[in-house]
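First the structure, in the form of C-alpha cells, and then the observations on it.
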Amino acid sequence: MSLPQPVRGTHDLLPEDFARHAHVQATAREMAARFGYAEMATPIFEFTEVFARTMGESSDVVSKEMYSFESRSGESMTLRPEYTAGICRAFISNGLQQNVPFKVFAAGPMFRYERPQKGRQRQFHQIDVECIGAAEAKADIEVIAIGASILGALGVMQDCSLEINTLGDQESRQAYRTALVEYFSAHKSSLSKDSLERLERNPLRILDSKDKDDRVLVEKAPLFNDYLNSYSSDFFAEVLEGLSLLGIDYSLNRRLVRGLDYYTHTAFEFVTTALGAQGAVIAGGRYDGLIETLGGKPTPGIGWAGGIERLAMLIGDVPASIRPIAIIPVGDAAESVAAKLAHRLRQDGHSIEMAFKGNVGKRMKRANKLNARAAVLIGEDELARNVCTLRDLDQGEQSEVALSDISAALGALS
RNA sequence: GCGAGCGUAGCUCAGUUGGUUAGAGCGCCUGACUGUGACUCAGGAGGUCGGGGGUUCAAGACCCCUCGCCCGCCCCA
C-alpha cells in the first residue's frame with residue numbers, strides 16, 4: 001500500500017493495547033513501591049559510550065543492534081537499548097553513592113535494531129528494577145521476589161518458571177572461562193559455526209547452544225561448580241536459601257548465561273513457553289563491576305528488566321476502565337443545559353460522555369457502544385420541571401431525578 | 001544477519017487447472033423507530049487484491065524485485 005506505514009519493528013498502541021500495556025506497567029510500579037522501590041527515569045538517549053563500555057563491545061547488542069547517531073555537536077549518541085546502564089550512569093552523575101542501597105523502579109521504551117518477531121520489536125518497552133550499592137545476597141533475593149510478585153499480581157505466574165544460575169565473581173568466572181576455552185578448542189571440529197564464533201567472543205554462551213552436536217559436547221564440558229571459589233558458591237547458596245524461605249520456586253539451570261558482559265554471580269530468568277522463541281519475560285542478574293566500568297567507585301548492584309509487550313501478551317483481560325455516563329439532550333433547547341450539566345458533573349468527578357450530534361436513538365446507541373453505565377436524558381418536559389430522566393442501561397429501568405440531585409444519584413450507581 | 005511461510009474490504013477469511021463488472025461473515029452508515037440502547041428486518045458505503053516490474057489475448061492467482069507480518073536460528077526483555 002502507499003498508505004503511510006509505521007517503521008519496521010515499531011507498533012502503535014491503540015487504546016485497547018495501551019490499556020494492557022498500562023496495566024502491566026501500573027501493576028509493576030505498585031508492586032515495586034511495596035518493596036520500597038521508587039520510580040525514576042533517565043533520558044532515552046545517552047552518549048554511546050555508556051552502553052558500549054558497560055554491555056561490552058563484543059556483545060550483539062552493542063556490535064550490531066544499537067540505534068546510534070551523531071549529534072549536531074559531533075558526539076556519538078545512542079537510543080537506549082536497555083535501562084541498567086543509564087540508571088547506573090545516573091547513579092554516578094548524581095553522586096548517589098551516599099544513598100545506598102539505591103532502590104528504583106523504571107519503565108519506558110528501548111530500541112534495538114533486531115529482526116522483528118512476535119515478542120521482539122525494534123522499539124519495545126521494559127519495566128526495570130535496580131538495587132545499587134548492596135553486596136548482600138538479601139538484595140538478590142529481594143529483587144527476584146519483586147519479579148515473582150509482579151508476575152503473581154499479573155496472574156501469569158503459573159505460565160512462568162524461574163531459572164537461576166551463578167556466573168561467579170571475576171576470579172571464578174575467569175578460571176572457568178579459561179577451562180571452557182581449553183575444552184572447546186580441543187573439539188573445534190565438532191562445534192557449530194555459531195559456537196566457533198562464540199568461542200572467540202563469549203565462550204560461556206556455547207553452553208546455551210541449541211545445536212545438537214554442541215549439546216553433546218556441552219554434556220561433557222567442565223562444570224562451573226568446580227571453578228567457583230568458596231565466596232561465590234556460598235553467596236549463591238545463600239540466594240537459593242532465601243528464595244526457598246519465601247516460597248519462590250526455582251530451577252537451577254547451569255547453562256543459563258547472559259549475553260552482556262557486566263553480569264556476575266546471580267543470573268536469572270523468568271521464562272514462559274507460551275510465547276514461542278521469545279520466552280524470557282523478566283531477566284536480570286548481579287552486576288558488581290558495572291559502576292566501576294563507568295568510572296564510578298566500585299559499587300555492587302543487581303536488577304532485572306521485563307518485557308512489557310511480552311507480559312501484555314500473557315495476561316488475560318485487563319480490569320474494565322471507568323464506565324461513562326451519557327448525557328443526552330432532547331431537542332435544541334436542552335443542548336446548552338446539558339452542556340452545563342456535563343461540565344458540572346465532570347467537576348464532581350464523574351466520567352461524562354456527550355455526543356456532538358444525533359437524535360436520541362443515535363445517542364443511545366452510542367452510549368451503549370461506549371459501555372456507558374447510565375444515560376441522563378433532558379428534554380423540554382424535564383427542563384420545565386428542573387429534572388432529568390436517569391436511565392440505568394444495565395437494568396433497563398429509568399426514573400426522574402431532580403437536577404440538583406443528579407450528581408449524588410450517579411454516585412450511588414454501582 | 002541466515003532459512004521457511006504468509007500479505008484479498010476496518011476485522012476474520014473464501015476466491016476452482018490464469019478467463020468478463022472480486023465475494024461472505026462481523027463491523028460501519030442509513031432507514032423501519034422524528035423522546036429511548038442491546039434484538040430484528042431492509043438498504044448502503046467501503047478494495048488501484050501490500051507496492052513495482054515481467055510473462056500472457058487475459059494475472060488476485062505464474063515469475064522477479066521490494067516492503068511488511070510471521071515461524072525457526074541468532075540474540076534477548
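Throughout, protein chains are lettered first and strands after them, A, B, ... in sequence-line order, and every chain is numbered starting at 1. What you see is a predicted model; the values in this text were computed from it and never measured.
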For nucleotides [N] and [M], find the distance between their [atom1] atoms and express it as a whole number of Å.
{"N": "B:G52", "M": "B:A59", "atom1": "P", "result": "14 Å"}
{"N": "B:G51", "M": "B:C29", "atom1": "P", "result": "28 Å"}
{"N": "B:G46", "M": "B:U8", "atom1": "C1'", "result": "14 Å"}
{"N": "B:C57", "M": "B:U20", "atom1": "C1'", "result": "13 Å"}
{"N": "B:G10", "M": "B:A45", "atom1": "C1'", "result": "12 Å"}
{"N": "B:C65", "M": "B:C26", "atom1": "C1'", "result": "36 Å"}
{"N": "B:A24", "M": "B:G47", "atom1": "C1'", "result": "15 Å"}
{"N": "B:C70", "M": "B:C6", "atom1": "C1'", "result": "7 Å"}

Going by purine N1 to pyrimidine N3 plus the second Watson-Crick contact, or the G-U wobble pair, all under 3.5 Å, which nucleotide sits opposite [N]?
{"N": "B:U40", "value": "B:A32"}
{"N": "B:A24", "value": "B:U12"}
{"N": "B:C75", "value": "none"}
{"N": "B:A59", "value": "none"}
{"N": "B:G5", "value": "B:C69"}

By the 4.0 Å heavy-atom rule, please label [X] as base, sugar-phosphate, or nothing.
{"X": "A:Arg201", "answer": "nothing"}
{"X": "A:Asn359", "answer": "nothing"}
{"X": "A:Gly279", "answer": "nothing"}
{"X": "A:Ala283", "answer": "sugar-phosphate"}
{"X": "A:Gly119", "answer": "base"}
{"X": "A:Gln121", "answer": "base"}
{"X": "A:Val281", "answer": "sugar-phosphate"}
{"X": "A:Arg391", "answer": "base"}
{"X": "A:Asp211", "answer": "nothing"}
{"X": "A:Glu380", "answer": "base"}

Side chain of [X], backbone of [Y]: donor and acceptor closer than 3.5 Å?
{"X": "A:Gln158", "Y": "A:Gly155", "value": "yes"}
{"X": "A:Trp304", "Y": "A:Val143", "value": "yes"}
{"X": "A:Arg323", "Y": "A:Ala372", "value": "yes"}
{"X": "A:Arg286", "Y": "A:Asp169", "value": "no"}
{"X": "A:Arg29", "Y": "A:Glu39", "value": "no"}

Specify the separation, in whole Å, of atom [atom1] of [X] and atom [atom2] of [N].
{"X": "A:Asp60", "N": "B:A77", "atom1": "CG", "atom2": "P", "result": "12 Å"}
{"X": "A:Leu275", "N": "B:C70", "atom1": "CG", "atom2": "C1'", "result": "14 Å"}
{"X": "A:Arg310", "N": "B:C76", "atom1": "CZ", "atom2": "P", "result": "11 Å"}
{"X": "A:Lys193", "N": "B:C75", "atom1": "NZ", "atom2": "P", "result": "14 Å"}
{"X": "A:Ile87", "N": "B:A77", "atom1": "CD1", "atom2": "C1'", "result": "14 Å"}

Would you say [X] places a side-chain N or O within less than 4.0 Å of OP1 or OP2 belonging to [N]?
{"X": "A:Lys362", "N": "B:G31", "answer": "yes"}
{"X": "A:Gln398", "N": "B:U36", "answer": "no"}
{"X": "A:Arg115", "N": "B:C70", "answer": "no"}
{"X": "A:Lys210", "N": "B:C73", "answer": "yes"}
{"X": "A:Arg205", "N": "B:C75", "answer": "yes"}
{"X": "A:Lys369", "N": "B:G37", "answer": "no"}

Trace of the ring-ring contact (aromatic ring centres under 6.0 Å, His included) decision for A:Tyr176 with A:Phe224 | CA-CA 6 Å; A:Tyr176 183 53; A:Phe224 209 155; 4.2 Å; yes
Ignoring hydrogens and angles, answer whether the base of B:G37 and the side-chain atoms of A:Arg366 contain a donor-acceptor pair closer than 3.5 Å.
-> no
Is there a donor and acceptor pair, one atom on the side chain of A:Arg120 and one on the base of B:C75, closer than 3.5 Å?
-> yes
Comparing nearest nucleotides in RNA chain B, the 5'-proximal residue of the pair A:Ile282, A:Gly396 is A:Gly396
First of A:Phe124 and A:Glu382 reached from the 5' end of RNA chain B, by closest nucleotide | A:Glu382
Any side-chain heavy atom of A:Val61 sitting closer than 4.5 Å to one from A:Glu82?
-> no
Shortest side-chain distance from A:Pro116, nucleotide among B:C75, B:G35, B:C69 | B:C69
Where does the angle between the aromatic ring planes of A:Phe235 and A:His265 fall among parallel (under 30°), tilted (30 to 60°) and perpendicular (over 60°)?
-> tilted
